[in-house]
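Presented below is the structure to which this report refers.
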Amino acid sequence: MSAGRIAARLGRPVGTLCGLGLLWWGIVRLGGVPPYLLPPPGSVARALWAQRGLLAGAAGTTLLETVLGLLLGTAGGGALALLMMASAPVRRWMMPLVLLSQAVPVFALAPLLVLWFGFGIASKVVMAVLVIFFPITSSFFDGLRRTPPGWLDLARSMDARPGLVLLRLRLPAALPAFATGLRVAAAIAPLGAVVGEWVGASSGLGFLMQTANTRFETDLMFAALLVLASMTVLLWWGVDRALARMLYWVPDDRSD
């Protein structure tokens, strides 16, 4: 990749961030917003540096909860999608339960999960799993159902077994849809961990934001929010790059 293309790719997000920072500064400076409601960017930057150790420890806890939830949710959702595709009875019984998992808000489940699994890491991991389970399962199952008909006709003409058709035809054809669901899951998995930390925790970015809010340390709360946003973007970018390398045959239509 040429230096010009690299500069162009880096210039767009840097320019966007600078623009948002200037807008933020203008709202605080010209709008007369009190610092306890919206601290200026400089105050948040000082909190980021002064509390860097505290923020790093909290980010490590939240990242661990997020990654564990992402791994378990991806494995469970992928396995369930395969089972529903392979077995009609499983599909009839499990699909309503998958839909029901989205009918109950995660905020309502968080207190119950803390009660059942405790204030440790387990309840936050389960919350992250619940948040990502539906996009993983639904996208993968939809991809399994959308195998090109010509492939299936050829398999039937060769008397291929259903299990072999599932593993050799449906599974490879569904990987792009599964990758889409995984990208969405990587973006929303931190939400589950943070919601669990808000309800009951002793560490993590959600716990830190809640503690800072009760103490009216708005600059620290915004610093933790920026760390969470940066961590989420980097997690999504890492998953996106890994999927692009693994699914190298899928065309990438994104412009530079």
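All residue numbers in this chain count up from 1 along the given sequence.
Side chain of Gln210 to main chain of Trp198: a donor-acceptor pair is present (N/O by atom type, distance under 3.5 Å, no hydrogens or angles). No donor-acceptor pair under 3.5 Å is formed between the side chain of Lys124 and the backbone N or O of Gly69.
Environment of CZ in Arg146: sparse, with no more than 12 heavy atoms of neighbouring residues, nucleotides or ligands closer than 6.0 Å.
Hydrophobic cluster membership for Leu72: Leu64, Leu68, Ile121, Val125, Val129 (Ile, Leu, Val, Met, Phe, Trp, Tyr linked by side-chain heavy atoms under 4.5 Å, directly or transitively).
Nearest heavy atom pair, residue Leu144 against residue Ala81, reads CD1-O, 3.6 Å. When all heavy atoms of Thr232 and Ala186 are compared, the closest pair comes out as CG2-O, 4.4 Å. Between Leu243 and Ala179, the shortest heavy-atom distance links the atoms CD1-O, 3.6 Å.
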Contacts under 3.5 angstrom, residues 39-51 side chains, donor-acceptor by atom type, not counting sequence neighbours:
none

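Hydrophobic clustering (ILVMFWY, side-chain heavy atoms < 4.5 Å, transitive): Leu99 and Val90 are in one cluster. Hydrophobic clustering of Ile, Leu, Val, Met, Phe, Trp and Tyr side chains at less than 4.5 Å, counting indirect connections, unites Ile132 with Leu182.
Using a 4.5 Å heavy-atom cutoff, the side chains of Phe133 and Leu80 are in contact. Between Leu83 and Met94 the shortest side-chain heavy-atom distance does not fall below 4.5 Å. Within the 4.5 Å cutoff, no side-chain heavy atoms of Val194 are placed close to those of Phe207. Inter-residue side-chain proximity for Met209 and Phe222 is flagged as unmet; no heavy-atom pair is nearer than 4.5 Å.
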Inset, instruction - Tell me, with the steps shown, if Trp116 and Val126 meet side-chain contact (heavy atoms from CB on, under 4.5 Å). - result: CA-CA 11 Å; Trp116 294 337; Val126 173; over 6 Å; no
